[in-house]
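What follows is a single structure, written as structure tokens, with notes after it.
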Number of protein chains: 2
Amino acid sequence: MTKYDSSKYEKPSVTVDLVIFTIQERDLKVLLIRRGIPPFQGKWALPGGFVGIKEPLEAAALRELEEETGVGDVYLEQLYTFGEPKRDPRMRVITVAYYALLPWSEVVGGTDAREARWFSVYDHPKLAFDHDKIVDYALERMRNKIMYVPIAFQLLPEKFTLTELQQVYEVILNSTLDKRNFRKKILASGLLKGTRQTRLEGRHRPAALYTFVPQDLGA
Amino acid sequence: MTKYDSSKYEKPSVTVDLVIFTIQERDLKVLLIRRGIPPFQGKWALPGGFVGIKEPLEAAALRELEEETGVGDVYLEQLYTFGEPKRDPRMRVITVAYYALLPWSEVVGGTDAREARWFSVYDHPKLAFDHDKIVDYALERMRNKIMYVPIAFQLLPEKFTLTELQQVYEVILNSTLDKRNFRKKILASGLLKGTRQTRLEGRHRPAALYTFVPQDLGA
DNA sequence: ACAAAAGTGTTGGTGTTACACCCATGT
DNA sequence: ACATGGGTGTAACACCAACACTTTTGT
């Protein structure tokens with residue numbers, strides 16, 4: 001790094017791409033955009049865009065997120081940087097991928113004119129570029145993370161039932177969990193505070209509503 | 001991403017930076033380079049350099065690694081991408097950080113002319129740029145990873161004693177471990193195969209030598 | 001009364017921690 | 001004989017997995 005003059009070298013383009021997750025209808029959804037221009041015209045792809053020359057990476061990711069979803073204050077985490085020389089056939093593009101978790105209750109339309117749709121993570125069309133790989137990577141990261149860090153709450157509204165919370169885990173892990181063990185563990189964790197409210201939904205016993213209690217960031 | 005023409009935009013420079021770890025004298029060491037030119041002239045910094053326009057990111061990291069250490073076939077993992085606009089005072093530089101684990105037995109000199117030295121991770125000078133943050137991040141990542149994934153072997157020669165292995169864990173975690181529990185767990189894991197050899201070192205009972213048995217990458 | 005989802009405990013097994021002494025060698 | 005690090009087992013506890021019935025509501 002010391003002996004190079006960067007101006008002598010051709011520079012790659014740098015973009016951010018976003019894997020935006022939400023949960024709807026007991027399914028894990030990812031937001032995709034239909035490409036209007038080549039390459040991969042007509043194909044679905046992750047939302048993303050170029051990083052401004054004075055723009056922090058995370059700011060670029062947040063900007064794209066807000067353009068596509070209209071939502072600002074959500075969980076956002078850098079995932080991985082993909083830089084294969086041929087991943088974009090036109091030119092060298094290095095992309096810093098992020099993933100975001102969005103409560104279904106906050107999903108509104110984006111302001112952007114591009115065609116956007118939510119697809120099941122488990123059933124979506126083949127994507128442009130290496131975006132299938134990026135989605136797989138995001139899913140794997142999220143599955144690991146949810147075992148240790150309480151990120152599931154980022155996909156729920158402020159108040160939720162234990163069954164809803166369990167469904168978040170089940171949909172992400174793509175497996176079923178034991179109801180009694182799940183409730184025992186989650187209640188023992190101290191992450192939840194019971195509101196004194198219930199929610200009545202259908203002709204059966206109403207469910208108790210809980211909220212997430214923010215952690216001391218034991219630093 | 002669809003409606004921009006990248007050529008209209010100024011592009012950032014992209015570099016890779018490496019946190020190269022090894023273990024010597026029961027201490028965790030990191031390789032640093034003394035900067036010969038501004039900015040931060042005379043300061044110590046992580047080895048790194050620009051990514052070639054047609055060069056994969058990992059290839060750039062491996063190239064730097066080999067230039068500095070003369071070693072090729074080691075553990076290398078992408079860490080995080082740092083892109084604060086002002087992290088390099090001269091211009092916009094986005095750096096993709098990697099970390100590498102190097103067996104102390106393979107440490108030779110680099111071919112590069114720059115002044116390089118191994119420093120204790122727990123006692124090193126303040127570094128140039130945001131490199132202190134990168135080292136901290138690498139250490140944190142490695143500490144998490146070693147709990148789940150057998151990366152400790154990447155810091156040892158092919159044959160090693162259980163005490164040496166335990167010292168690797170202790171130096172990385174910066175804590176002491178119980179000898180009996182450590183041996184019980186590591187032997188039960190099936191990661192080790194006993195060679196039938198021992199090593200005699202000092203006036204005490206010789207230690208049994210083990211090798212790492214490569215895992216099925218359960219894909 | 002019945003259909004539907006909410007809610008609730010116990011048991012066996014597995015893994016983790018804490019802890020102290022004998023062994024093989026060189027001098 | 002002693003100094004040095006190598007090597008070994010057990011008991012208490014915490015955590016995890018398996019498993020079935022009762023409760024509350026709307027119709």
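By convention in this document, chain letters (A, B, ...) are assigned in the order of the sequence lines, proteins followed by strands, and residues within each chain are numbered from 1.
In this structure, B:L177 places its CG atom 19 Å from P of C:dG15, rounding to the nearest Å. Taking atom CD of residue A:Q166 and atom C1' of nucleotide C:dA6, one finds them 11 Å apart after rounding to whole Å. Rounded to whole Å, the distance from CD on B:Q167 to C1' on D:dG5 is 11 Å. For A:E164 and C:dA5, the CD to C1' distance is 12 Å, given to the nearest whole Å.
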Query - Heavy-atom protein contacts under 4.0 Å, nucleotides 12-21 of chain D, coded B base, S sugar-phosphate only, - none - result: -----BBBB-

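A salt bridge between B:E55 and B:R63 is present, with a side-chain N of the basic residue lying under 4.0 Å from a carboxylate O of the acidic one. Residues A:E164 and A:R199 are paired through a salt bridge, judged by an N-O separation under 4.0 Å between the basic side chain and the carboxylate.
Within residues 196-205 of chain A, the residues having any heavy atom under 4.0 Å from DNA chain C are, by residue number, A:R203, A:H204, A:R205.
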Requested in this report: Apply the test ring pair (Phe, Tyr, Trp, His ring centres under 6.0 Å) to residues B:Y148 and A:Y148: give CA-CA distance (whole Å), side-chain angles for both, the deciding distance (0.1 Å), then the verdict.
Outcome: CA-CA 12 Å; B:Y148 309 109; A:Y148 308 110; 5.2 Å; yes

Requested in this report: In sequence, state the C-alpha distance, the side-chain angles, and the governing distance for A:F212 and A:F160, and then conclude on ring pair (Phe, Tyr, Trp, His ring centres under 6.0 Å).
Outcome: CA-CA 9 Å; A:F212 173 62; A:F160 50 85; 8.1 Å; no

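Regarding contacts with the backbone of C:dA5, every side-chain N or O of A:T163 stays at 4.0 angstrom or more from both OP1 and OP2.
The aromatic rings of A:F182 and A:Y169 sit perpendicular, their planes meeting at an angle over 60°, well past the 30° parallel limit.
Results of the side-chain contact (heavy atoms from CB on, under 4.5 Å) test with B:T81 over B:V14, B:V16, B:V96 single out B:V96 as the only residue that passes.
With hydrogens and angles left out, the side-chain atoms of B:E77 and B:Y75 include a donor and acceptor closer than 3.5 Å. Between the side chains of A:T15 and A:T95, at least one donor N or O sits under 3.5 Å from an acceptor N or O.
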